[in-house]
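Scroll down for the structure; my scribbles are underneath it.
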Number of protein chains: 2
Amino acid sequence: MATQDRLIESTQELLWERGYVGTSPKAIQQRSGVGQGSMYHHFTGKPDLAAAALRRSAAQLRAVAEADLAGPGTAYERIAAYLHRERDVLRGCRIGRMAQDPDVVADPQLRAPVEETFDWLRGRIAGLIAEGQAAGELGAAADPADTAAAVVAVVQGGYVLARAADSAEPFERAVRGALGLLAAHRAD
Amino acid sequence: MATQDRLIESTQELLWERGYVGTSPKAIQQRSGVGQGSMYHHFTGKPDLAAAALRRSAAQLRAVAEADLAGPGTAYERIAAYLHRERDVLRGCRIGRMAQDPDVVADPQLRAPVEETFDWLRGRIAGLIAEGQAAGELGAAADPADTAAAVVAVVQGGYVLARAADSAEPFERAVRGALGLLAAHRAD
DNA sequence: GTCTATATACCGATAGAC
DNA sequence: GTCTATCGGTATATAGAC
């Protein structure tokens with residue numbers, strides 16, 4: 001594995017575990033087994049390396065989500081599949097987590113992958129809901145973009161509740177609650 | 001204003017803005033105008049001071065939420081009032097934010113106020129929903145605790161989406177989406 | 001109670017040899 | 001490309017005078 005890849009992968013892990021402020025160049029070097037000089041040869045500094053790591057994490061998250069959203073079944077079933085995907089709930093979302101960090105939000109290079117990921121995800125789910133409505137499967141009363149934002153927010157907020165409780169239960173409740181409301185909204 | 005109060009208030013602000021890892025004793029001293037020796041006279045260290053600040057923030061958040069949830073109107077209207085409360089969305093939730101910080105989650109003293117706040121909030125809203133069902137205002141199909149978790153998650157996740165987009169819009173969409181689903185669920 | 005001085009470690013990076 | 005040395009600054013306190 002190339003030195004750059006080891007650096008990026010270690011940075012991805014540390015950003016997920018400790019956030020941007022809590023991740024030091026030294027910790028990245030230790031986890032990756034790459035020396036100081038080597039790290040600064042390949043990347044100009046911590047923001048540069050973090051940006052590369054976030055771009056990679058964003059692409060991976062998108063691929064994983066797409067696998068569920070593009071699956072078989074009705075719009076409702078595909079959203080349910082996405083929500084019920086097996087997750088290590090207490091680790092949280094490696095992209096959503098970054099939105100809490102002021103240094104990430106303040107740096108366009110760092111915020112861009114985060115923003116793009118959620119824009120894509122909301123748009124993808126909104127499209128699914130619109131499809132379901134066109135097919136007569138879902139009631140037409142709900143606005144697709146608003147409903148999609150609510151679905152994505154339930155997942156992100158579910159992580160927050162789970163970490164606060166040190167238990168996956170609130171996440172699972174929130175997902176069940178959201179699907180319950182969405183199910184009641186299905187056209188008869 | 002007492003020295004302790006100035007320290008606690010400054011710590012509350014800094015925890016909200018920068019998180020636990022990103023908040024240093026030095027920054028607290030500068031914002032509060034309290035000296036080093038004085039700070040360490042009143043508090044044993046950063047964790048002690050942060051715990052006091054979080055307990056106070058939790059109590060304040062609870063009081064603000066209760067004002068909406070105990071207001072006039074039906075269960076749906078009171079939940080809508082809570083969701084539509086005027087918020088500085090891009091600042092995020094000062095309690096929910098802490099759930100992302102590994103040092104907070106790992107320290108029982110720091111996590112306790114966060115956990116208790118969300119336990120209380122979910123329970124309060126679940127009770128409201130159960131009341132609405134008993135009164136025949138809301139359909140009885142949805143589980144109150146699950147639905148309440150979804151409502152709270154939408155708010156917390158809405159903050160995440162808003163900060164990611166550097167715009168309040170996704171928050172407002174998520175709230176509208178959630179209320180739309182809840183409204184469709186009202187008994188006729 | 002509050003002040004200044006001091007301490008050990010780490011942060012994020014640069015310099016220059018190999 | 002990788003290494004070691006070095007840098008000015010911060011993190012998180014502790015010590016002891018006043």
Side-chain angles (χ1 to χ4, degrees), chain A residues 1-56 97-98 100-111, chain B residues 1-56 97-98 100-111:
Chain A
M1 192 179 195
T3 301
Q4 284 102 320
D5 286 324
R6 279 190 292 141
L7 283 167
I8 289 177
E9 202 165 283
S10 298
T11 304
Q12 287 182 279
E13 293 171 11
L14 283 163
L15 288 178
W16 196 351
E17 291 167 20
R18 314 241 353 123
Y20 182 77
V21 169
T23 295
S24 69
K26 187 179 191 179
I28 295 168
Q29 291 151 28
Q30 284 172 343
R31 184 168 300 207
S32 62
V34 170
Q36 181 117 323
S38 193
M39 189 194 112
Y40 281 103
H41 172 77
H42 292 290
F43 296 93
T44 65
K46 174 174 161 176
D48 186 32
L49 185 42
L54 285 184
R55 281 193 296 271
R56 187 172 292 187
R97 181 191 211 309
M98 297 298 124
Q100 301 292 342
D101 200 308
D103 292 1
V104 170
V105 168
D107 183 341
Q109 273 249 307
L110 296 176
R111 191 172 63 79
Chain B
M1 194 178 193
T3 302
Q4 283 102 320
D5 286 326
R6 279 190 291 142
L7 282 166
I8 289 177
E9 202 165 284
S10 298
T11 304
Q12 287 182 280
E13 292 171 12
L14 283 163
L15 287 178
W16 196 352
E17 290 167 22
R18 313 236 1 117
Y20 183 76
V21 170
T23 295
S24 70
K26 187 178 190 179
I28 294 168
Q29 291 151 27
Q30 284 171 343
R31 183 167 303 207
S32 62
V34 170
Q36 181 116 323
S38 194
M39 189 194 112
Y40 281 103
H41 172 76
H42 290 292
F43 296 94
T44 65
K46 174 174 160 175
D48 186 33
L49 186 41
L54 286 184
R55 282 193 295 269
R56 187 172 293 187
R97 180 191 210 307
M98 297 299 124
Q100 301 293 343
D101 199 308
D103 292 1
V104 169
V105 168
D107 183 340
Q109 273 248 308
L110 296 176
R111 189 171 64 78

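Since the structure is predicted, the reported quantities are computational estimates derived from the model, not experimental observations. Computed from heavy atoms alone, side chains included, the values below leave out hydrogens, waters and symmetry copies. Proteins get letters first, then strands, A, B, ... in listed order; numbering begins at 1 in each.
- For the pair A:Gln36 CD and C:dG12 C1', the computed distance is 8 Å after rounding to whole Å.
- In this structure, A:Arg18 contributes its side chain and A:Thr23 its backbone to no donor-acceptor pair below 3.5 Å.
- Regarding contacts with the backbone of D:dC3, every side-chain N or O of A:Ser38 stays at 4.0 angstrom or more from both OP1 and OP2.
- The distance from atom NE2 of A:His42 to atom C1' of C:dA13 is 17 Å, rounded to the nearest whole Å.
- Between A:Pro47 and A:Gln109 there is no side-chain heavy-atom pair separated by less than 4.5 Å.
- Between A:His41 and D:dC3, a side-chain N or O to OP1/OP2 separation shorter than 4.0 Å is absent.
- Atom CD of B:Gln30 is separated from atom C1' of D:dT10 by 11 Å (rounded to the nearest Å).
- If you find the closest nucleotide of DNA chain C to A:Gly37 and to A:Val21, the one lying nearer the 5' end belongs to A:Val21.
- Applying the side-chain contact (heavy atoms from CB on, under 4.5 Å) test between A:Ile28 and each of A:Leu49, A:Val34, A:Ile8, A:Leu15 identifies A:Leu49 as the sole match.
- Rounding to whole angstrom units, CD1 of residue B:Ile28 and P of D:dT10 are separated by 16 Å.
- Rounded to whole angstrom, the span from the CG atom of A:Asp48 across to the P atom of C:dA13 amounts to 10 Å.
- In the set D:dT2, C:dA13, D:dA13, the nucleotide with an atom closest to the side chain of A:Tyr40 is C:dA13.
- Side-chain nitrogen and oxygen atoms of A:Ser24 include none within less than 4.0 Å of the OP1 or OP2 phosphate oxygen of C:dC10.
- When atom types are taken as modelled, the side chain of A:Asp48 and the backbone of A:Thr44 share a donor-acceptor pair closer than 3.5 angstrom.
- You'll find that the side chain of A:Lys26 is closest to C:dC10, out of D:dA11, C:dA13, C:dC10.
- Note: CZ (B:Phe43) to P (D:dT12) measures 17 Å, nearest angstrom.
- Between A:Met39 atom CE and D:dG1 atom P the separation is 17 Å, expressed in whole Å.
- Heavy atoms of A:Gly35 sit under 4.0 angstrom from primed sugar atoms or phosphate atoms, though from no base atom.
- A donor-acceptor distance shorter than 3.5 angstrom exists from the side chain of A:Ser32 to the backbone of A:Gln29, with no hydrogens or angles considered.
- With D:dT2, D:dA13, D:dT10 as the choices, the nucleotide that has an atom nearest any side-chain atom of A:Thr3 turns out to be D:dT2.
- Of the side-chain N and O atoms in B:Lys46, one or more sit less than 4.0 angstrom from OP1 or OP2 of D:dT12.
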